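For reference, the structure is listed below as structure tokens.
This structure is a prediction, so every number in the text was calculated from the model and none was measured. Note that these values count all heavy atoms, side chains included, but never hydrogens, waters or copies made by symmetry.
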Amino acid sequence: QAADLYARGARCVTWDSPVDLDSPDTARTVRALCFIRDLTSWGFVVGWQLKTGTGLTDWRALGHLYPPAHVTCAGSAYGEELRTEWAQRYHMSKCVSRRGPGLLQIRDRRWDGLRRITITRPAYFAAIAALEPGALTTAIPSRILGYFAAEHLVGQVGDISWWLPCQLRRWPISPALI
């Protein structure tokens with residue numbers, strides 16, 4: 001859907017209702033987050049709102065997504081502070097994946113420094129394919145899901161896990177500078 005919007009010339013998308021990490025409709029929440037991830041990977045400006053109570057333990061796990069316009073944290077005034085820090089620290093390609101022949105490389109700058117992770121095993125590729133749109137946590141082999149979770153490459157909303165890194169569509173800087 002993001003690719004189609006991009007092809008038709010759109011560069012900005014506004015999401016009407018808040019994305020609620022504590023919603024009982026976890027499938028809807030994950031679909032929204034995956035769509036925001038895909039829009040971010042295409043370079044869209046995304047107008048969205050995040051609502052959370054207990055569902056967000058560390059915003060940096062989502063810090064590679066285009067920053068929300070508004071954050072509501074149940075029972076606290078922390079939302080505006082979180083939104084401001086997210087917006088100040090955001091940049092394109094903060095956590096991206098790129099495919100090569102027989103490999104997937106992730107470049108992650110959400111925390112301090114650059115982490116490079118290279119995946120070459122077919123079972124891991126299959127798990128990523130299942131996680132990209134969101135999948136029941138129980139549908140992913142626990143060893144693989146545990147590895148991805150330890151590397152902060154999957155998010156979880158209720159009983160659904162989803163792939164966090166954005167797909168790299170183009171280098172944000174000239175190849176001559178790399």
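Using a 4.5 Å heavy-atom threshold, the side chains of Trp42 and Val13 count as separate. Contact of the Cys166 side chain with the His64 side chain is registered, since non-hydrogen atoms from C-beta on lie closer than 4.5 Å. Side-chain contact between Arg11 and Tyr6: present, with at least one pair of heavy atoms (C-beta onward) separated by less than 4.5 Å. Counting only heavy atoms from C-beta outward, the side chains of Lys94 and Arg89 approach each other to under 4.5 Å. For the pair Leu145 and Val154, the minimum side-chain heavy-atom distance is below 4.5 Å. Using a 4.5 Å cut-off on side-chain heavy atoms (C-beta onward), Leu114 and Arg107 make contact.
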Are Leu168 and Ser93 close enough, and set up right, to give a side chain to side chain contact (heavy atoms under 4.5 Å, CB included), and what steps lead you there? CA-CA 7 Å; Leu168 184 63; Ser93 304; 3.8 Å; yes
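Between the side chain of Trp48 and the backbone N or O of Tyr66, at least one donor-acceptor pair lies under 3.5 Å. Between the side chain of Arg60 and the main chain of Arg110, no donor-acceptor pair closer than 3.5 Å is present. Side chain of Gln1 to backbone of Ala3: no donor-acceptor contact under 3.5 angstrom is found. A donor-acceptor pair under 3.5 Å is formed between the side chain of Arg115 and the backbone N or O of Glu151.
In the hydrophobic cluster analysis, where Ile, Leu, Val, Met, Phe, Trp and Tyr join through side-chain heavy atoms closer than 4.5 angstrom, Met92 is grouped together with Trp86. Leu82 is connected to Val46 through a chain of hydrophobic side-chain contacts under 4.5 Å among Ile, Leu, Val, Met, Phe, Trp and Tyr, so both are in one cluster. Val45 and Val19 fall within a single hydrophobic cluster, where Ile, Leu, Val, Met, Phe, Trp and Tyr side chains are chained together by heavy-atom contacts under 4.5 Å. Under the 4.5 Å side-chain heavy-atom criterion for Ile, Leu, Val, Met, Phe, Trp and Tyr, Leu65 and Ile106 are members of distinct hydrophobic clusters. If you chain together hydrophobic residues whose side chains sit under 4.5 Å apart, Trp111 and Leu62 never meet in one group.
Across all their heavy atoms, Thr52 and Asp22 have their closest contact at C-OD2, 3.4 Å. Residues Lys51 and Pro18 share a closest heavy-atom pair of CB-CB, 4.2 Å. Summarising the geometry of Gly134 relative to Trp162, their closest heavy-atom pair is CA-CB, 4.0 Å, with the distance given to 0.1 Å. Here the shortest heavy-atom pairing between Gly158 and Thr26 reads CA-CG2, 3.8 Å. Closest heavy-atom contact between Pro165 and Val96: CB-C, 4.2 Å.
Distance check, rounded to the nearest 0.5 Å: CZ of Phe125 to CD1 of Ile119 gives 7.0 Å. The line from CG of Leu164 to CD of Gln156 is 11.0 Å long, rounded to the nearest 0.5 Å. With rounding to the nearest 0.5 Å, the separation of CG in Asp108 from OG in Ser97 is 11.0 Å. Note that the OG atom of Ser161 and the CG atom of Leu153 stand 12.0 Å from one another [nearest 0.5 Å]. One distance of note links CZ of Arg28 with CD1 of Ile160; it measures 13.0 Å at 0.5 Å rounding. Of the inter-residue distances, the one linking Leu33 atom CG with Leu50 atom CG reads 7.5 Å to the nearest 0.5 angstrom.
Among residue pairs with one or both ends in residues 118-128, those qualifying as side-chain hydrogen bond (donor to acceptor under 3.5 Å, both in side chains) are Tyr124-Arg143; sequence neighbours excluded.
In Asp4, the CG atom is crowded: over 12 heavy atoms of neighbouring residues, nucleotides or ligands sit closer than 6.0 Å.
Trp15 meets the ring pair (Phe, Tyr, Trp, His ring centres under 6.0 Å) test with Phe35; sequence neighbours excluded.
Within the 6.0 Å centre-distance limit, the rings of Phe148 and Trp163 are counted as a close aromatic pair.
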